[in-house]
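Right, one structure below, let's go through it.
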Amino acid sequence: MQKVTAIYPGSFDPPTNGHLDLINRGSKIFDELVVAILRNPDKAPLFNVSERVGMLKALTDEYNNVRVDTFDGLTVDYAVRVGASCVLRGIRALSDYEYELQMALMNRKLRPELETVFMMPAEKYSYLSSRLVREVAQLGGTVKGLVPELVEQNLRGKLDPAYKLGEFTEPENHKSEGRKSRARKRKS
Ligand code: PNS
């Protein structure tokens, strides 16, 4: 049987529990899932690309078939570069549908052989978006339960003047390397 690789492209600024829910679901149906962070020079992100890579790597360390990467240019071209046959995207509510349909059909026009697969995150995350998380956190509201603890800590580090600006946390066991790379080292 042919191995099916999917990419899960997005901004992930910051990663939310909705993203992680989708990664978990995607990891079960694809042989390999590449979480692909868009390097977008037009946007001024809250977390820079390497901060987002660090967080997503730590948060997906438990999955043997999930890896994190970055890309620029067209999503379809990136998919070809990594040998993916599917693009995974989340649909939370009807309001997402129009934009997602437009993107999926444009991607199909560009690369007819690439399929877009939509998955729904758990209902409890259906109102959740990175944009709202940023806004709520920036205005002093709590995002507990909406983002992983690591992201919550890093949001606090970015936004709370009591914290040193730019302070960035990785959990103790992820400080220098992840579980996968430690396992790889043990094997070799
Ligand atoms: O998390 P987001 O911001 O909703 O992700 C949007 C993303 C990165 C999937 C989309 O902007 C994208 O694919 N950008 C890459 C450029 C591209 O391929 N544009 C044409 C899409 S039809």
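As the structure lists them, so they are numbered: ligands from 1, and atoms in each ligand from 1.
- Remark: Arg108 engages Glu115 in a salt bridge (Lys or Arg N to Asp or Glu O under 4.0 Å) (not counting sequence neighbours).
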Indicate every side-chain donor-acceptor pair of residues 26-35 with a distance under 3.5 Å to a residue at least two apart or in another chain.
residue	atom	partner	partner atom	Å
Ser27	OG	Asn24	O	2.8
Asp31	OD2	Val4	N	2.6
Glu32	OE1	Thr5	OG1	3.2
Glu32	OE2	Arg67	NE	3.0

Contact table, ligand 1 N/O with protein N/O, distance under 3.5 Å:
residue	atom	partner	partner atom	Å
ligand 1	1 (O)	Ser11	N	3.0
ligand 1	3 (O)	Ser11	OG	2.6
ligand 1	4 (O)	Arg89	NH2	3.0
ligand 1	5 (O)	Arg89	NH1	3.3
ligand 1	13 (O)	Thr75	OG1	2.5
ligand 1	18 (O)	Thr75	N	2.9

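- Ion pairing between a basic and an acidic side chain is recognised when a charged N comes within 4.0 Å of a carboxylate O; Arg81 and Asp77 show no such pairing.
- In this structure, the separation between CE on Met55 and CD1 on Ile37 is 8.5 Å, given to the nearest 0.5 Å.
- Checked for salt-bridge contact, Glu149 and Lys144 miss the test: no charged N lies under 4.0 Å from a carboxylate O.
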Under 3.5 Å, sequence neighbours excluded: what are the donor-acceptor pairs made by side chains of residues 124-131?
residue	atom	partner	partner atom	Å
Ser126	OG	Glu123	O	2.8
Ser129	OG	Leu132	N	3.1
Ser130	OG	Pro14	O	2.8

